[in-house]
Amino acid sequence: MPPGQSGIPLPPAITIEGLHKSFGRLEVLKGIDVAVDRGEVICVIGPSGSGKSTLLRCVNLLEIPDRGRIYLEGALVGFRERAGGPPVRASERELNRTRSEIGMVFQHFNLWPHKTVLGNLIEAPMRVRKLPRASAIELGHRYLRKVGLMDKVAAFPPTLSGGQQQRVAIARALCMQPKVMLFDEVTSALDPELVKEVLDVMKQLAAEGMTMLVVTHEMGFAREVADRVLFMDDGVVVEEGRPDSLFQQPVNERTQRFLAAVLR
Amino acid sequence: MAYQWQWSVIWDNWWLFVQGALMTLFLTVCSIGIGLVAGLFLGLAKLSTRAWLRIPAAWFVEIFRDVPLLVLLLWIFYCLPILTGLTLDIVESAILGISIHASAYLAEVYRAGIQSVDRGQMESARSLGMSFWQGMLRIVLPQAVRRMIPPFLNVTADFMKASSLASVVGVWELLRQASNLIANTWRPLEAYTAVAATYLMLILPVVWLTGFVEQRLSRRLVTRAAHP
């Protein structure tokens with residue numbers, strides 16, 4: 001746990017304890033325990049259906065966990081502590097506030113096609129953070145510059161390439177100045193030649209100290225950028241470690257089989 | 001035998017058709033206006049994950065889409081006052097009946113329109129901290145409404161025609177004005193032809209508007225795709 005300015009150790013950016021999530025009879029997450037330190041980049045890998053995306057969606061509270069706790073910088077999210085009893089679900093307003101502090105980027109970008117690029121960027125800062133329009137535009141320009149798309153400020157999303165759309169989606173999430181960024185297979189829907197431009201933006205963010213939880217199939221990115229890699233299968237974290245050790249000497253047999261298949 | 005048309009009957013009583021057309025328009029505008037608001041809430045309720053909202057809304061829509069409008073109008077006019085003590089005049093009864101019917105149809109238009117918008121649109125709004133209503137009003141509905149405009153206009157044209165049923169409960173709309181004229185002049189061919197022509201004049205602009213909107217929307221999509 002890194003120390004804060006006062007010398008008191010700061011709590012991790014995200015702490016996940018005993019997280020369970022089911023959809024009907026299908027138990028997707030079967031007890032996840034993870035701590036993500038501030039500024040740390042964690043890549044989550046694993047086969048389809050292993051629960052990686054559900055894990056991110058629970059952290060962002062797009063799905064409400066059935067059991068377990070998630071803390072954002074030490075504060076319980078999604079629920080409220082209750083003296084002498086189990087936590088109760090937080091109000092919608094609290095859930096919205098928490099979501100606004102956790103940026104999420106989706107596989108299919110989910111940009112709003114009826115709004116311009118700038119319109120996409122300033123909507124949430126104005127509606128959620130209640131920023132004046134001029135400040136929101138300034139913020140939007142700053143993050144569009146960061147992802148290298150200032151020339152697309154007035155374009156509509158359907159006119160952009162997949163890579164450009166995903167960079168806009170990253171800028172849109174950054175405009176909320178989140179404490180943590182979640183990336184859910186953000187390059188999976190892109191043509192191979194467009195993957196690099198998105199990964200470059202993510203690398204830049206990582207280098208600037210952004211806390212990131214990244215679900216990815218880009219093993220090269222995980223190896224190069226991640227501080228730690230988690231391998232998930234069947235709703236549990238099977239193995240975790242530094243990228244070099246996990247990729248070169250996986251201990252668990254399931255991890256070995258998965259890596260043998262994807263790195264072939 | 002060649003029929004001797006006497007169009008003077010129509011020219012001499014043209015204001016009756018104007019009055020009838022105005023009442024038809026009034027019934028349509030009020031009913032569609034109420035239906036648009038009530039239909040939105042019903043459509044959203046039908047999509048709700050909360051059963052206490054979804055199930056009553058689904059039943060409301062099902063029942064009032066299945067009951068013929070004429071039966072509904074008669075029921076509201078004759079039965080509702082007896083059961084509830086609520087007395088409505090004939091125009092209010094007609095507006096209530098047509099509004100209920102329209103809201104059931106429009107709820108389905110809203111539901112289909114909202115469902116046609118990718119789920120990810122709302123999810124990305126929520127992930128940024130926007131509330132359900134912010135996401136619905138700022139992100140989902142503006143996209144859905146563009147797709148709903150043609151069916152909305154179709155429903156409007158349908159209900160303009162269906163408003164003729166209000167004549168049965170005594171509303172002085174277009175058809176009833178004509179029927180009254182026939183009773184006094186015995187010139188049904190001229191009167192009913194004039195009624196048909198008046199309905200055409202009222203509805204054709206709506207039909208043209210529907211076509212225009214559909215064309216414009218598809219042209220805009222093509223333009224955006226062609227000029228990145």
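Residue numbering restarts at 1 for every chain, and letters A, B, ... go by the order of the sequence lines.
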Can you tell which part of A:Arg57 gets under 4.5 Å to a heavy atom of chain B, answering side chain, backbone, both or neither? side chain
Taking the side chain from B:Gln143 and the backbone from A:His114, do they hold a donor-acceptor pair closer than 3.5 Å? no
Close contacts, residues 82-106 of chain B versus chain A, judged by heavy atoms under 4.5 Å: none
Report yes or no: do A:Asn60 and B:Arg126 form a side-chain donor-acceptor pair below 3.5 Å? no
Decide yes or no for B:Gln121 and A:Pro113: does some side-chain heavy atom of the first lie under 4.5 Å from some side-chain heavy atom of the second? yes
In terms of heavy-atom pairs under 4.5 Å with chain A, which of B:Glu123, B:Met122, B:Arg119 leads? B:Glu123
With chain A, the option among B:Val117, B:Leu128, B:Asp118 that has the most non-hydrogen atom pairs under 4.5 Å is B:Leu128
Flag the one option from B:Gly120, B:Ala125, B:Ser127 with the top tally of heavy-atom pairs under 4.5 Å to chain A. B:Ser127
For a quick test of reading the model, state the closest non-hydrogen atom pair linking B:Met130 to A:Trp112 and the distance between them. SD-CH2, 4.0 Å
Enclosure of A:Tyr71 OH (heavy-atom neighbours >12, cutoff 6.0 Å): yes
How long is the span from the OG atom in B:Ser124 to the CG atom in A:Leu62, to the nearest 0.5 Å? 9.5 Å
Could you give me the CA-CA distance, side-chain angles and deciding distance for A:Glu123 and B:Gln134, then say whether side chain to side chain contact (heavy atoms under 4.5 Å, CB included) is met? CA-CA 10 Å; A:Glu123 182 69 25; B:Gln134 283 176 327; over 6 Å; no
Heavy-atom contact with chain B under 4.5 Å, split by part of A:Glu101: neither
Interface residue of largest heavy-atom contact number with chain B, from A:Met104, A:Met176, A:His108, A:Arg127, under 4.5 Å: A:Arg127
So does B:Phe132 have more than 12 non-hydrogen atoms from other groups sitting under 6.0 Å from CZ? yes
Please check if the number of heavy atoms outside B:Trp59 that lie under 6.0 Å from its CH2 is greater than 12. no
Residue A:Ile102 versus chain B: region with a heavy atom under 4.5 Å: backbone
Sort A:Leu111 into side chain, backbone, both or neither according to what part of it lies under 4.5 angstrom from a heavy atom of chain B. backbone
Count the heavy atoms of every other residue, nucleotide or ligand shown that sit under 6.0 Å from CD of A:Glu138, and state whether that count exceeds 12. no
